[in-house]
Amino acid sequence: YASEMNASIEEKLVLLEGLRGALEACVDPACQDPAACQFQLLYQPKVDLRSGRLFGVEALIRWQHPEQGLISPLRFIGLAEESGLVVPLGDWVLRTACAQAQAWHAAGLPPLTVSVNVSARQFEDKRLVERVAGALRDSGLAPAALELEVTESAIMRDLARSVETMRELEAMGVSLSIDDFGTGYSSLSALKSFPISRLKIDKSFVRDLAHNPDDQAIAMAVISLGHKLDLRVIAEGVETEQQRDFLRANDCDEMQGYLFSRPVPPGQIAALLAR
Ligand code: C2E
Ligand code: CA
Ligand code: CA
Ligand code: CA
């Protein structure tokens with residue numbers, strides 16, 4: 001047991017060292033070779049359920065490890081979070097996503113909002129607002145084209161400060177959405193005070209939506225709560241027509257999931273917009 005534990009600790013340390021090295025290569029201003037960067041962002045379309053229009057994309061990070069191949073964020077975001085590396089890594093994500101969104105705009109694509117995931121540690125970072133302003137300034141992206149996705153648990157860690165951070169971002173013109181809604185706990189009275197524009201129904205409630213009455217009740221409750229608070233409601237993880245039909249029939253606003261598209265490299269977004 002002890003040796004197994006050592007192996008997993010060692011595995012983590014190796015991954016952490018790799019993460020640190022890969023990150024240095026990406027943020028090194030002297031490095032002009034984007035191919036040297038082991039991280040990449042894929043973009044998953046978000047679609048309006050009534051019009052079918054693709055109105056935005058969520059940036060999702062991937063790590064192309066030289067020995068281990070493609071590594072899912074589920075394997076390294078937690079590690080980046082524990083070690084604090086998520087702050088510079090998140091900054092790279094923010095800058096890359098803003099630059100990409102501005103490049104789509106400059107190429108004449110219809111307006112798209114780009115959503116970036118912000119982890120708890122990043123959200124607590126005193127310089128978050130400054131970092132967001134810097135990414136917008138350097139890319140030239142309009143603040144209204146950027147959305148940050150934050151989880152309830154990240155917000156609830158220090159509620160008063162979170163609300164202040166959210167207000168500063170809102171004042172800047174950046175919009176906020178609550179990710180994985182329903183999986184954490186935020187009190188309804190706290191929710192009322194958040195300057196947010198969207199709730200995202202977590203995919204764990206969408207998976208069995210076609211058959212499971214409990215999940216149906218939860219989805220309907222989130223949609224109705226969101227609308228009463230004047231928020232838009234998006235469902236993630238929509239894979240089947242039955243799930244989509246249920247959401248549409250129950251007045252959900254938007255969806256995201258394999259049914260419309262998997263996360264794709266940035267070059268494929270124009271074709272998806274034309275579809
Ligand atoms: P999330 O923010 O809840 O993102 C949704 C996840 O569901 C993504 O997994 C996405 O690829 C996946 N997904 C999308 N559509 C479907 C579908 O129809 N069915 C199923 N089964 N899954 C679907 P991914 O890309 O592996 O990301 C996992 C998590 O890692 C994300 O969950 C997010 O919490 C985190 N993450 C990803 N990129 C970043 C990043 O740049 N920064 C931070 N801080 N976290 C990130
Ligand atoms: Ca998300
Ligand atoms: Ca969102
Ligand atoms: Ca989720």
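Predicted model, so just to flag it, every value in this text is computed and none were measured.
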Salt-bridge present ([X], [Y]; N to O < 4.0 Å):
X: Glu58; Y: Lys200; answer: yes
X: Arg95; Y: Asp91; answer: yes
X: Arg248; Y: Asp48; answer: no
X: Glu164; Y: Arg167; answer: no

Report yes or no: is the cationic atom of Arg244 (NZ for Lys, CZ for Arg) under 6.0 Å from the centre of the six-membered ring of Phe260, at an angle within 45° of the ring normal? no
Sole residue of Leu199, Val163, Val150 in side-chain contact (heavy atoms from CB on, under 4.5 Å) with Phe194: Val163
Distance-minimising heavy-atom pair for [X] and [Y]:
X: Ser162; Y: Ile155; answer: OG-O, 2.8 Å
X: Gly182; Y: Glu152; answer: N-OE2, 3.0 Å
X: His65; Y: Gln38; answer: CA-OE1, 4.3 Å
X: Thr113; Y: Ala144; answer: CG2-O, 3.8 Å
X: Gly140; Y: Gln102; answer: O-OE1, 3.5 Å

Evaluate the salt bridge (charged side-chain N to carboxylate O under 4.0 Å, His left out) criterion for residues Arg207 and Asp202: first the C-alpha distance (whole Å), next the side-chain angles of each, then the deciding distance (0.1 Å), finally the verdict. CA-CA 9 Å; Arg207 195 186 313 118; Asp202 189 64; over 6 Å; no
Going through the checks in order, is the side chain to side chain contact (heavy atoms under 4.5 Å, CB included) test met by Val57 and Gln100? CA-CA 11 Å; Val57 293; Gln100 182 58 60; over 6 Å; no
Give the intermediate values and the outcome of side chain to side chain contact (heavy atoms under 4.5 Å, CB included) for residues Arg131 and Gln122. CA-CA 10 Å; Arg131 289 174 191 279; Gln122 269 180 283; over 6 Å; no
Start with the C-alpha distance between Glu147 and Arg232, add both sets of side-chain angles, then the distance that settles salt bridge (charged side-chain N to carboxylate O under 4.0 Å, His left out), and finish with yes or no. CA-CA 13 Å; Glu147 175 180 72; Arg232 295 184 70 79; over 6 Å; no
Below 3.5 Å, can you tabulate the donor-acceptor pairs from side chains in residues 219-230 to any protein atom, sequence neighbours excluded?
residue : atom : partner : partner atom : Å
His227  : NE2  : Asp253  : OD1          : 3.4
His227  : NE2  : Asp253  : OD2          : 2.8

Leu169 versus Leu128: any side-chain heavy-atom pair under 4.5 Å? yes
Among all residues two or more places apart in sequence or in another chain, which pass the ring-ring contact (aromatic ring centres under 6.0 Å, His included) test with Tyr43? Trp104
Give the intermediate values and the outcome of side chain to side chain contact (heavy atoms under 4.5 Å, CB included) for residues Gln44 and Glu236. CA-CA 10 Å; Gln44 186 176 40; Glu236 71 173 9; over 6 Å; no
Evaluate the ring planes of Phe76 and Trp63, with Trp represented by its six-membered ring, and classify them as parallel (under 30°), tilted (30 to 60°) or perpendicular (over 60°). perpendicular
Run the numbers on Leu94 and Leu148 for side chain to side chain contact (heavy atoms under 4.5 Å, CB included), then give the verdict. CA-CA 9 Å; Leu94 196 57; Leu148 303 180; 4.0 Å; yes
